[in-house]
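Here the structure is a predicted model, which is why all the values come from computation and not from measurement. Below, all heavy atoms of this structure are taken into account, side chains as well, without hydrogens, waters or symmetry copies.
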Amino acid sequence: MRHLPRFLIACGVVLLAIGCTGGRQPMPALAPVVLGGDTRQTDAFQLNSAAVDGDVLAIEVSYAGGCRNHEFLLRASRSFQVVSGSVRLEIALIHNANEDPCEAFLTKQLRFDLDPVKRLYRQTYSPDTGTVYLRLDGHAGPLVYQF
């Protein structure tokens, strides 16, 4: 009986350590960039940040909801624009709130695989390496994708 409080404290520490993730969220799965199609934004969202990291475009968005699954799709033009020797590609984030009636303010991390952009570049220009300036609708300035 004398050692019961110590035992309970030790068990609590072990359970806390097992259940703790260190505050880290699991990385969201990669979604592909879709070339072509309708680029109209269907439902409102706030674009918080966007950055290219290797072959991944990471985007943080906020939106109202909480009752239904929200879907995000990244669409890109099927053709590049060349302006002053720079290769540019127009991209747009499409949000489908699935008619979510709730109003909680949610924030979500999105990750998109830029490999389709790289393949399109190689089909268009042939070289293995390149630089594409991604022009994300709603984002100030281009995002530089180098491969």
Side-chain angles (χ1 to χ4, degrees), residues 8-147:
L8 292 175
I9 290 172
C11 286
V13 169
V14 169
L15 288 174
L16 182 63
I18 291 171
C20 233
T21 62
R24 294 185 189 143
Q25 298 284 331
M27 287 297 257
L30 282 179
V33 174
V34 177
L35 299 175
D38 188 3
T39 58
R40 289 177 294 155
Q41 178 181 319
T42 56
D43 292 309
F45 68 93
Q46 176 181 314
L47 178 64
N48 298 330
S49 65
V52 174
D53 182 15
D55 290 328
V56 174
L57 175 58
I59 300 175
E60 182 184 273
V61 295
S62 295
Y63 53 91
C67 295
R68 297 200 176 133
N69 185 40
H70 290 241
E71 300 164 355
F72 288 89
L73 177 70
L74 189 66
R75 288 207 181 267
S77 173
R78 286 189 179 271
S79 58
F80 296 103
Q81 299 172 346
V82 179
V83 179
S84 301
S86 298
V87 177
R88 297 180 182 181
L89 186 65
E90 299 291 327
I91 59 176
L93 188 61
I94 312 302
H95 175 214
N96 181 357
N98 289 308
E99 299 179 10
D100 190 341
C102 294
E103 295 181 12
F105 193 65
L106 307 171
T107 297
K108 186 172 187 176
Q109 303 292 325
L110 308 170
R111 293 170 31 96
F112 295 94
D113 182 1
L114 293 172
D115 196 53
V117 174
K118 184 190 301 184
R119 283 195 311 270
L120 179 63
Y121 182 91
R122 288 179 175 161
Q123 290 170 357
T124 306
Y125 300 107
S126 295
D128 288 336
T129 62
T131 301
V132 177
Y133 293 87
L134 302 171
R135 312 238 349 135
L136 176 59
D137 189 32
H139 185 267
L143 299 157
V144 181
Y145 175 39
Q146 293 181 310
F147 50 90

Which atom pairs, donor and acceptor, lie under 3.5 Å between side-chain atoms of residues 138-147 and protein residues at least two apart or in another chain?
residue, atom, partner, partner atom, Å
H139, ND1, G141, O, 3.0
Y145, OH, D55, OD1, 2.8
Q146, NE2, T131, OG1, 3.4

**Request:** Quick one: pull up CD1 in I91 and CG in L136 and give me the separation to the nearest 0.5 Å.
**Result:** 4.5 Å

**Message:** With a 3.5 Å distance limit and no angle check, can you tell me whether N96 reaches the backbone of D43 through a side-chain donor-acceptor pair?
**Reply:** no

**Request:** Quick one: which residue pairs count as a disulfide (SG to SG under 2.5 Å) with a foot in residues 114-147, not counting sequence neighbours?
**Result:** none

**Steps toward side-chain contact (heavy atoms from CB on, under 4.5 Å) verdict (L57, L74)** = CA-CA 10 Å; L57 175 58; L74 189 66; 3.5 Å; yes

**Prompt:** According to the disulfide (SG to SG under 2.5 Å) rule, which pairs have a member within residues 104-147, sequence neighbours left out?
**Reply:** none

**Request:** For R122 and D128, indicate whether the former's side chain and the latter's backbone hold a donor-acceptor pair under 3.5 Å.
**Result:** yes

**Request:** Any chance you could lay out the side-chain contact (heavy atoms from CB on, under 4.5 Å) test for F105 and Q46, step after step, and finish with the verdict?
**Result:** CA-CA 10 Å; F105 193 65; Q46 176 181 314; 3.8 Å; yes

**Request:** Please test L73 against L93 for side-chain contact (heavy atoms from CB on, under 4.5 Å), starting from the C-alpha separation and ending with a verdict.
**Result:** CA-CA 6 Å; L73 177 70; L93 188 61; over 6 Å; no

**Fill in**
Applying ring pair (Phe, Tyr, Trp, His ring centres under 6.0 Å) to Y133 and not counting sequence neighbours gives none

**Request:** Can you label the angle between the Y121 ring and the F80 ring as parallel, tilted or perpendicular, going by 30° and 60°?
**Result:** perpendicular

**Asked** What pairs meet the side-chain hydrogen bond (donor to acceptor under 3.5 Å, both in side chains) rule with one or both residues in residues 56-67, with sequence neighbours excluded?
**Response** N48-E60, N48-S62, E60-Q109, S62-T107

**Item:** Sidechain-backbone polar pair: H95 side chain, F72 backbone, donor-acceptor under 3.5 Å
**Value:** no

**Prompt:** Among all residues two or more places apart in sequence or in another chain, which pass the side chain to side chain contact (heavy atoms under 4.5 Å, CB included) test with A64?
**Reply:** none

**Prompt:** Mind checking whether D115 and R119 have side chains closer than 4.5 Å, heavy atoms only?
**Reply:** yes

**Request:** Please lay out, stage by stage, how V56 and F112 fare under the test side-chain contact (heavy atoms from CB on, under 4.5 Å).
**Result:** CA-CA 5 Å; V56 174; F112 295 94; over 6 Å; no

**Complete:** Taken in chain and number order and not counting sequence neighbours, the residues that satisfy salt bridge (charged side-chain N to carboxylate O under 4.0 Å, His left out) with D113 are none

**Asked** Among pairs that include at least one residue of residues 62-111, which meet disulfide (SG to SG under 2.5 Å), considering only residues two or more places apart or in two chains?
**Response** C67-C102

**R68: partners by side-chain hydrogen bond (donor to acceptor under 3.5 Å, both in side chains), with sequence neighbours left out** = none

**Request:** Check whether the side chains of D100 and H70 place a donor and an acceptor atom closer than 3.5 Å, and report yes or no.
**Result:** yes

**Fill in**
disulfide (SG to SG under 2.5 Å) pairs touching residues 107-147, sequence neighbours excluded, are none

**Asked** What are the two closest heavy atoms between T124 and L120, and how far apart are they?
**Response** OG1-O, 2.8 Å

**Prompt:** Which residue pairs satisfy the salt bridge (charged side-chain N to carboxylate O under 4.0 Å, His left out) criterion with at least one member in residues 44-53, sequence neighbours excluded?
**Reply:** none

**Request:** Could you check if a side-chain atom of Y125 sits within less than 4.5 angstrom of a side-chain atom of V82, using non-hydrogen atoms only?
**Result:** yes

**Complete:** In short, side-chain hydrogen bond (donor to acceptor under 3.5 Å, both in side chains) pairs touching residues 72-94 with sequence neighbours left out are none

